[in-house]
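Step one of this worksheet: look at the structure below.
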Amino acid sequence: MKIKKYLQQSPVFALNYAYENMIPKINKQMKADQLNLLQGLVLTALFFENRDDVNPSYLAEVFQTSRGNMSHILSDLEYKGFIKRVVSEKDARGFKIELKAEGRKKALSLIKFYDRLQSIFEKNLGQNYCQKTVEGIHKISDVFSKSL
């Protein structure tokens with residue numbers, strides 16, 4: 001079929017194929033922790049950030065999602081006892097996000113999970129290939145965002 005040949009050469013289809021093949025499986029594994037991938041990434045980002053001004057807008061920008069979506073993510077993480085919102089000392093209208101002790105423990109567990117995933121890729125594909133693939137995906141994304 002002609003469509004198969006086209007799809008084998010299509011960056012858009014390849015990205016969609018990878019997403020559909022990987023993200024549901026990752027989310028299924030993370031469901032045991034009552035989290036999804038983006039929630040887990042937010043927790044680990046909070047673990048690694050050494051800033052006192054991490055707020056929802058900053059996180060939404062970093063993860064390229066809407067502020068509304070980030071608000072939902074943070075509300076859920078707060079409800080689960082992983083984070084707390086602290087009124088900003090600089091501006092009482094805003095707040096910053098901090099990890100609670102449970103959030104730090106969960107972030108460490110997630111970091112181990114992400115490291116295992118990385119090890120699987122590097123073992124099967126090689127470290128250089130993995131890095132070049134990531135760079136290629138970023139280039140494709142940049143071209144797409146500048147073109148449309």
Side-chain angles (χ1 to χ4, degrees), residues 1-86 95-148:
M1 295 181 90
K2 291 180 183 180
I3 190 68
K4 283 187 178 182
K5 185 175 182 180
Y6 169 76
L7 294 177
Q8 289 175 339
Q9 298 172 358
S10 167
V12 173
F13 179 75
L15 290 170
N16 184 66
Y17 176 80
Y19 180 90
E20 293 296 335
N21 196 30
M22 295 171 54
I23 302 305
K25 291 175 185 172
I26 291 171
N27 282 333
K28 186 176 180 180
Q29 291 240 310
M30 294 183 73
K31 194 172 188 174
D33 292 320
Q34 298 177 326
L35 296 170
N36 64 36
L37 179 59
L38 189 51
Q39 291 171 328
L41 291 172
V42 168
L43 277 180
T44 55
L46 290 169
F47 180 85
F48 285 115
E49 284 292 334
N50 292 324
R51 297 173 44 167
D52 289 334
D53 61 346
V54 175
N55 61 39
S57 294
Y58 171 75
L59 291 169
E61 180 185 329
V62 167
F63 289 104
Q64 298 181 351
T65 190
S66 70
R67 290 188 338 200
N69 188 36
M70 186 54 64
S71 179
H72 287 294
I73 290 167
L74 295 172
S75 292
D76 196 46
L77 294 174
E78 186 175 31
Y79 175 78
K80 292 173 181 170
F82 295 134
I83 65 168
K84 64 180 176 180
R85 300 175 200 229
V86 180
F95 56 91
K96 61 183 180 174
I97 310 298
E98 293 181 1
L99 277 179
K100 293 171 78 173
E102 270 308 302
R104 292 185 71 73
K105 281 196 268 184
K106 185 59 66 183
L108 286 169
S109 170
L110 290 168
I111 291 165
K112 290 178 185 175
F113 173 68
Y114 299 143
D115 282 345
R116 278 196 319 270
L117 290 176
Q118 185 73 21
S119 293
I120 290 169
F121 287 127
E122 289 177 359
K123 178 182 175 191
N124 287 283
L125 302 171
Q127 188 175 5
N128 285 341
Y129 183 83
C130 288
Q131 188 57 44
K132 291 210 180 291
T133 300
V134 169
E135 291 168 7
I137 290 169
H138 285 290
K139 285 179 183 177
I140 288 170
S141 180
D142 290 345
V143 166
F144 185 81
S145 67
K146 291 174 185 173
S147 298
L148 295 179

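Hydrogens, waters and symmetry mates are skipped; everything else that's a heavy atom, side chains included, is used.
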Legend entry - Pairs involving residues 139-148, ordered by first then second residue, that meet side chain to side chain donor-acceptor pair (under 3.5 Å) (sequence neighbours left out): none

Inset, instruction - Report the C-alpha distance between Phe48 and Ile111 in whole Å, list the side-chain angles of each, state the deciding distance to 0.1 Å, and finish with yes or no for side-chain contact (heavy atoms from CB on, under 4.5 Å). - result: CA-CA 10 Å; Phe48 285 115; Ile111 291 165; 3.5 Å; yes

Inset, instruction - Examine the side chains of Gln131 and Gln127 and answer whether a donor and an acceptor come within less than 3.5 Å of each other. - result: no

Legend entry - Straight-line distance of Phe121 CZ to Tyr129 OH, nearest 0.5 Å: 11.0 Å

Legend entry - Side-chain touch Ile97/Leu77, heavy atoms, less than 4.5 angstrom: no

Inset, instruction - Check Lys100, Arg104, Gln39, Glu102 against Phe82 for a side-chain contact (heavy atoms from CB on, under 4.5 Å) and give me the one that passes. - result: Glu102

Inset, instruction - Answer whether the closest heavy-atom distance between the side chains of Val12 and Asn16 falls below 4.5 Å. - result: no

Inset, instruction - Give, for atom CD1 of Ile120 and atom CG of Leu125, the distance between the pair rounded to the nearest 0.5 Å. - result: 11.0 Å

Legend entry - Rounded distance [0.5 Å steps], NE2 in His72 versus OG in Ser75: 7.5 Å

Inset, instruction - Establish, from distance only, whether the side-chain atoms of Glu49 and Tyr58 form a donor-acceptor pair under 3.5 Å. - result: yes

Legend entry - Residue pairs, two or more places apart or on separate chains, that pass salt bridge (Lys or Arg N to Asp or Glu O under 4.0 Å) and touch residues 57-81: Asp76-Lys80, Glu78-Arg85

Inset, instruction - Determine whether more than 12 heavy atoms belonging to other residues, nucleotides or ligands lie under 6.0 Å from atom CD of Glu135. - result: yes

Inset, instruction - For residues Tyr114 and Leu41, determine if any side-chain heavy atom of one lies less than 4.5 Å from a side-chain heavy atom of the other. - result: yes

Legend entry - Test item: Phe95 and Pro56 side chains (from C-beta on) under 4.5 Å apart, heavy atoms: yes

Inset, instruction - Heavy atoms only: give me the nearest Thr44-Ala107 pair and the separation to one decimal. - result: CG2-O, 3.8 Å

Inset, instruction - Taking the side chain as every heavy atom from C-beta outward, state whether Leu35 and Leu43 have any pair of such atoms under 4.5 Å apart. - result: yes

Inset, instruction - Measure the spacing between CG of Asn36 and CD1 of Ile73 and express it to the nearest 0.5 Å. - result: 6.5 Å

Inset, instruction - Look up atom OH in Tyr17 and atom CD in Gln8, then write down how far apart they are to the nearest 0.5 Å. - result: 10.5 Å

Legend entry - Derivation of the side-chain contact (heavy atoms from CB on, under 4.5 Å) call for Val42 and Ile83: CA-CA 10 Å; Val42 168; Ile83 65 168; over 6 Å; no

Side-chain donor/acceptor pairs under 3.5 Å, residues 20-31, sequence neighbours excluded:
| from | atom 1 | to | atom 2 | distance (Å) |
| --- | --- | --- | --- | --- |
| Asn21 | OD1 | Lys25 | NZ | 3.3 |
| Asn27 | OD1 | Leu37 | N | 2.7 |

Inset, instruction - Would you check if Val54 and Lys96 make a side-chain contact, meaning some heavy-atom pair closer than 4.5 Å? - result: no

Legend entry - Between CG on residue Leu108 and CZ on residue Phe47, distance to nearest 0.5 Å: 4.0 Å

